[in-house]
Q: 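One structure, as structure tokens, below. Some questions next.
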Amino acid sequence: MKKLLKRFREILSKNQREVEGCRFTVPSSKIYPFQWFWDSCFHSIIYLCLGEIEWAKEEILSILSGQWENGMIPHMIYRGSSRKHRLDWGTGKNTSSITQPPMIAYAVERIYRKANDKNFVEKVFKQLDKYYSWLRTARGDKYLLYIKHPWESGQDDLPVWDHVYGKEDPSRKTLKSYKIRILRGSLHFKVKSVLFNSVYLRNLRSMSFLASAIGLSEKAFAYDQIYKLTEEEFRENLLDPETGIFFALHENKHIKIKTANIFLPLFTKMLKIEEAEQLIEKYLLNEDLFWTKYPVPTVSIDEYAFQPNRYWRGSTWININWFIYKGLKEYHLNDIAEELRQRSISLISKSGFHEYYNSINGMGRGPDDFVWSGLIFDMN
Ligand code: GLC
């Protein structure tokens, strides 16, 4: 781990930026030159592990400085001069007009637990509250949330979205054109994602915790209520009784593709222990489905769409492993969690801090200076 930490600190020092008074870390100085919302939440958690409390706070403050008047937190803030990935969103702002999985309250909870700094929570709470309210009105039918674009999922090319495009296994080129069509409004996209809603549920608990921490007991109670109702709807709507797993919903139908997202409800701690154990025995530890040499592939091996090398289509991502690891720990399934941690460490020791990895042979994919792969330091 010492060697990995040294390498990781070198990456950080190249990826840290200070632009117009904002300090943040780009996901990769090679290909992602701006600030991304959920990346920065992960970065904040990683900084806490390294004892860099100030940097952890800066990541949060810089994200919040891009919040819109209506409460939305955009998935990208274009700071700096690079042209790469820069799209004209037609908003007149230097941000995108969509969001990403709402990880920010959880990151702030972690800061508070580590630094015991109430002032920081007081400083950011209103903005967080405004964001989670915005989610409920702008992305909620009832309590569960939907996403309006594949990029809001944080898992851009997951084959689950193919279903919306009406096409099995589109090529890279067609995927790109679908995403542009959705942005232009000529293709309709409205999906209740398991990952997005699991992250949301866990973060509602963080909001309740943070409200209590600063003495807002009515707010805390309100968040508890929303949590309860959202959890009920999650179960009612996303659970497939035939298989016992949770699937994304599109036009009131499950999209029955097994992805690593089936394990995300572990992170929310909403499963009964028997359900958690069954999920793990039957799916996670099954070598024909998810337990590859370098798990956890984003898509199950037995799916038509499984491609171990491809972006979100069967490759392994460290943030997904981190969610599953934290979920396993919630259920005190420590041996399996440790095995997943060891395999994730061996992946990074072999290939470095890549964006993602081939889930069969462990080869690094995407840039090799990718910051959220440092979540390995928070798997403990
Ligand atoms: C890709 C990922 C997304 C991430 C971004 C920056 O678009 O799919 O989740 O936030 O890269 O790392």
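In listed order, ligands and their atoms are each counted from 1. All of these numbers come straight from a predicted model, not from anything done at the bench.
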Q: Ignoring hydrogens, what is the shortest heavy-atom contact between Thr268 and Tyr227? Give both atom names and the distance.
A: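 Reported closest heavy-atom pair: O-OH, 3.6 Å.
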Q: Hey, could you give me the NZ/SG distance between Lys114 and Cys49, rounded to the nearest 0.5 Å?
A: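 Here the rounded value is 6.5 Å.
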Q: Tell me the nearest of Asp156, Asp157, Leu158, Val371 to atom 7 (O) of ligand 1, using heavy-atom distances.
A: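 The residue whose heavy atom sits nearest atom 7 (O) of ligand 1 is Asp156.
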Q: Among the heavy atoms of Trp312, does any lie under 4.0 Å from an atom of ligand 1?
A: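 Yes.
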Q: Hey, is Phe370 touching ligand 1 through its side chain, its backbone, both or neither, going by heavy atoms under 4.0 Å?
A: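 Side chain only.
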Q: Find the distance between CD1 (Ile345) and CD1 (Ile376) and round it off to the nearest 0.5 Å.
A: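 The distance works out to 5.0 Å.
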Q: Is the distance between the ring centroids of Trp372 and Phe370 less than 6.0 Å?
A: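 Judged by ring-centre distance (under 6.0 Å), Trp372 and Phe370 do meet the cut-off.
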Q: Can we call the ring centroids of Tyr32 and Trp36 under 6.0 Å apart?
A: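 Ring-ring flag for Tyr32/Trp36: true, centres closer than 6.0 Å.
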Q: Got the closest protein heavy atom to atom 10 (O) of ligand 1, with its distance?
A: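 Looking at atom 10 (O) of ligand 1, the protein heavy atom closest to it is Asp39 OD1, 2.5 Å.
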Q: Below 3.5 Å, N or O to N or O, backbone or side chain included: is there any such pair between Trp372 and ligand 1?
A: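 In fact, backbone or side chain, Trp372 has no N or O that close.
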Q: To check your reading of the model: name the closest protein heavy atom to atom 9 (O) of ligand 1, its residue, and the distance in Å.
A: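 Among all protein heavy atoms, the one nearest atom 9 (O) of ligand 1 is Gly154 O, 2.6 Å.
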Q: To check your reading of the model: name the closest protein heavy atom to atom 1 (C) of ligand 1, its residue, and the distance in Å.
A: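 For atom 1 (C) of ligand 1, the nearest protein heavy atom comes out as Tyr311 OH, 2.9 Å.
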Q: Under 6.0 Å between the ring centres of Phe290 and Tyr283?
A: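 Judged by ring-centre distance (under 6.0 Å), Phe290 and Tyr283 do not meet the cut-off.
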Q: Do any N/O atoms on Gln100 end up under 3.5 angstrom from N/O atoms on ligand 1?
A: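 Checking ligand 1 against Gln100, an N or O pair does fall under 3.5 Å apart.
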